[in-house]
Undergrad: 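Let me give you the structure first, and then I'll get to my questions.
Please read these numbers as outputs of a predicted model, since none were measured by experiment. Reckoned from all heavy atoms, side chains included, excluding hydrogens, waters and symmetry mates. The sequence lines fix the lettering, A, B, ..., with proteins before strands; numbering per chain opens at 1.
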Number of protein chains: 2
Amino acid sequence: MSNTSILLAEDDPNLGMLLSKFLRAKGFSCTLAVDGEIAYQEFTNNAYDFVILDVMMPKKDGFAVAKDIRGIDKETPILFLTAKSMKEDKLKGFELGADDYLTKPFSMDELIARVNAILKRTNTKEENHLYPIHHYLFDYNTRILSFQGNEQKLTTKECELLKILAQNIGKEVDRNDLLKAVWGDDNYFNGRSMDVYITKLRKYLNQDEKVEIVNIHGKGFKLMVK
Amino acid sequence: MSNTSILLAEDDPNLGMLLSKFLRAKGFSCTLAVDGEIAYQEFTNNAYDFVILDVMMPKKDGFAVAKDIRGIDKETPILFLTAKSMKEDKLKGFELGADDYLTKPFSMDELIARVNAILKRTNTKEENHLYPIHHYLFDYNTRILSFQGNEQKLTTKECELLKILAQNIGKEVDRNDLLKAVWGDDNYFNGRSMDVYITKLRKYLNQDEKVEIVNIHGKGFKLMVK
DNA sequence: ATTCTCTGTTAAAGAAAGTTAAATAATTCC
DNA sequence: GGAATTATTTAACTTTCTTTAACAGAGAAT
C-alpha cells in the first residue's frame, strides 16, 4: 500500500493542526477540513482512503457528514471523534456505518493505533470474486450462481471447482491441477468425486445453451462459452 | 495488572534459557518454546499476554507462527527477534501484525524496554473491543450485541466465538483454530458444542439479512457481510 | 472388433454440520 | 448452604455435503 490519504474534519484549529501534523509525521497524507460542509465537499472532490470526523462541528455535524458519505460510498473507513462517551452517540455512529470511535481526550498514539487497526481490518477483507459466465453470474464470496434472477447456492467443493473453471473460460484446465487445487491430492477416488461434481455443475449450468463444460479426454476440462 | 505472561519462542537453548530467566527475574512469567510448532501449540493452549518470536526456527519459523497466531488473535502483542537487520524481514513482520522488532545482538535491557513500551501502549488504550458487523454492533467488553437499539447479552462462549469471527469478517476461520482458541482443545465433543453455539449466534444475527455465518465444509466458518 | 482406460451419471453410503431438547455444570441469589 | 437461575455440554435426530459404488458409454489402443 502506498500513501494512505486521510480526510480529517475538526473545527478546533489547534487540535486540527496538531492532529494533521501528527498524522503526516506518521507517514499518512492528511487534509484538514474545518467544518462538516467543507469536509463533505472535500470528500466528493478527492479520493480518500480514510475519514476522521469530529462529531460536533459547525454547519454540519459529524453524523450528518458520515450519512452523506455513506450515501455515495460504503467502503471508506470512518472514525468518529467525540467529546463525551455518550452511548447513544456511539450507537448512532455505528448505525451510520462508522468503523470506530474515539473519545476525547485521547493520545496521538491511540489514534494511530486505531487507524492502523481499522486499515488492517478493512484491507484484509476479501475482494469481490465475481465471475460472469455468459448469462450466468457466479459470486464466489456469497457462493451463489445466479441466472436471470434465480439463484443457486453452491457447496464448498462446487465453488472451488467452478471458480477455477471460471477463471479459465475457454482454456483447458488440467485434470490433475484441478484435483490438486480443490482436493489437495489427485488420486483416483478424488478424481471420481470430481467427475460427480462436474455432472452437478453441468446441471446448474444447463439453463444457458451457450455455456458448457467440455472434457478433453485424458487431459482435463474446459468451461466454454459458445 | 497482575503477572504478565510471556511466550518466548527461541530455538537456541542457551539464549532461550538466558532470556526466559531474565524475563522471570524482571517479574514476568515466561514460557520457553524450543520451536515454532511448540510455540503455536503453547499459544493455543494457554493464555499469554505477550509473544516473543525468533524469526529463524526449525519446523516453523517466526513469521509462520505469527501468521497462525494472528489467524485467531489480533490483539496479543508480538515482538520479533532476528539475526540480521534485513529490511524485507522487518516489513514482512509488520505486515503479519508484529508490534516491534529487535535485531540480534541486543541487550537484555533493550528487550525489557521494548516489551514494557509495547505493553504500555497496548494496555493504556483500554482496548475498546467494538466490532461493527454491518448493522450490528458487537461490544466485547460489555458483551452486548446490539441491533437498532435492541441489545442481546452474550455468554462467555458466545462472546469468544463471535469475537474471532468478527475479527475475520469475510475470511474463513479454521474450525480447529476456533476450537483451540475458545475451548482450548479441538476434540469431537467440543466441536459439537461449538456447532450448537454457531446455531445460537446465527439466531442472534438473523435480523440483518446481509449478515451470515457460513460453513466451509470440512474447513471452518466465515462471518460474512453480503 | 475387442479390450482397456477414461468419463458420465445415478443412487447409496458415509461424514460433517444444523437444530432442538434434555442433562449437567457453574453462578447467583436468597 | 441450598434453591433458583443461567451457561454449557451431551444426546438424539435431521439435513446437507461429500465420497464411494455400480453401471453405462465414449474414445483410444491393440
Undergrad: What is the distance, rounded to the nearest whole Å, between atom CD1 of A/I213 and atom C1' of C/dT9?
TA: 14 Å
Undergrad: Is there a side-chain contact between A/W183 and the phosphate of D/dT18, meaning an N or O under 4.0 Å from OP1 or OP2?
TA: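 A/W183 to D/dT18 OP1/OP2: no side-chain N or O under 4.0 Å.
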Undergrad: Please report the shortest heavy-atom distance between A/D99 and A/R70, naming the atom on each side.
TA: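 Nearest pair, atom of A/D99 first, then A/R70: OD1-NH2, 3.5 Å.
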Undergrad: Rounded to the nearest angstrom, tell me the gap between atom CG in B/L179 and atom P in D/dT9.
TA: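 In whole Å, D/dT9 P lies 11 Å from B/L179 CG.
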Undergrad: Tell me whether the OP1 or OP2 atom of C/dT7 has a side-chain N or O from A/R175 closer than 4.0 Å.
TA: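 Checking A/R175 against C/dT7: at least one side-chain N or O falls below 4.0 Å of OP1 or OP2.
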Undergrad: Decide if atom NZ of B/K60 counts as having more than 12 heavy atoms of other residues, nucleotides or ligands within a radius under 6.0 Å.
TA: yes
Undergrad: What does A/F221 touch in the nucleic acid at a heavy-atom separation under 4.0 angstrom: a base, only the sugar-phosphate, or nothing?
TA: sugar-phosphate
Undergrad: What nucleotide, of D/dT9, D/dA21, D/dT18, holds the atom closest to the side chain of A/F189?
TA: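 Of the options given, the side chain of A/F189 lies nearest D/dA21.
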Undergrad: Taking the side chain of B/S193 as its heavy atoms from C-beta onward, which of C/dT10, C/dT19, D/dT9 lies nearest to it?
TA: D/dT9
Undergrad: Is NZ or CZ of A/K163 both nearer than 6.0 Å to the six-membered ring centre of A/Y140 and within 45° of the ring axis?
TA: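 That pair qualifies as a cation-pi contact.
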Undergrad: Is A/K210 atom NZ crowded by more than 12 heavy atoms from other residues, nucleotides or ligands, each under 6.0 Å away?
TA: no
Undergrad: In whole angstroms, how far is the C1' atom of C/dG18 from the CD1 atom of B/I216?
TA: 15 Å
Undergrad: Atom CG of A/L201 and atom P of C/dG8: how far apart are they, to the nearest Å?
TA: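 Rounded to the whole Å, the gap is 12 Å.
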Undergrad: Rounded to whole Å, how long is the line connecting atom CG of A/D186 with atom P of C/dT7?
TA: 12 Å
Undergrad: Rounded to whole angstroms, how far apart are CG on A/N215 and P on C/dT5?
TA: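 Nearest whole value for this atom pair: 17 Å.
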Undergrad: Rounded to the nearest Å, what distance is computed from the CG atom of residue B/L178 to the P atom of nucleotide C/dA16?
TA: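 Computing the B/L178:CG to C/dA16:P distance gives 17 Å.
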Undergrad: Expressed as a whole number of angstroms, how long is the span from B/E172:CD to C/dA17:P?
TA: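 Distance check: B/E172 CD to C/dA17 P gives 11 Å.
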Undergrad: Categorize A/T155 for me: base, sugar-phosphate, or nothing, with a 4.0 angstrom heavy-atom threshold over every strand shown.
TA: sugar-phosphate
Undergrad: Among D/dT9, C/dG18, D/dT10, find the nucleotide with the atom closest to the side chain of B/Y197.
TA: D/dT9
Undergrad: Closest approach to the side chain of B/H217, judged atom by atom: which nucleotide of D/dC13, C/dA16, C/dG8 is it?
TA: C/dA16
Undergrad: Determine: side-chain N/O of B/T199 to OP1/OP2 of C/dT19, distance under 4.0 Å, yes or no.
TA: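 Yes, such a contact exists.
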Undergrad: Angle class for the A/H135/A/F147 ring planes (parallel below 30°, perpendicular above 60°, tilted otherwise)?
TA: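 Ring orientation of A/H135 relative to A/F147: tilted.
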Undergrad: Taking only the side-chain nitrogens and oxygens of A/K157, find out if one of them lies under 4.0 Å from OP1 or OP2 of D/dT19.
TA: yes
Undergrad: Tell me what A/K203 touches on the nucleic acid: a base, only sugar-phosphate, or nothing, going by heavy atoms under 4.0 Å.
TA: sugar-phosphate
Undergrad: Can you figure out which of D/dT8, C/dA17, C/dG8 approaches the side chain of A/R202 most closely?
TA: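 Of all the options, the side chain of A/R202 is nearest to C/dG8.
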Undergrad: Which residue, A/R192 or A/T156, contacts DNA chain D at a nucleotide closer to its 5' end, judged by nearest heavy atom?
TA: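 Between the two, 5'-proximity favours A/T156.
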Undergrad: Kindly point out which of C/dG8, C/dA17, C/dT10 is positioned nearest to the side chain of A/V196?
TA: C/dT10
Undergrad: Taking all non-hydrogen atoms of both residues into account, name the closest pair between B/D35 and B/M57 and its distance.
TA: C-SD, 4.1 Å
Undergrad: From C-beta outward on A/D195, which listed nucleotide comes closest to its side chain: D/dT10, D/dT18, C/dT9?
TA: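 The closest nucleotide is C/dT9.
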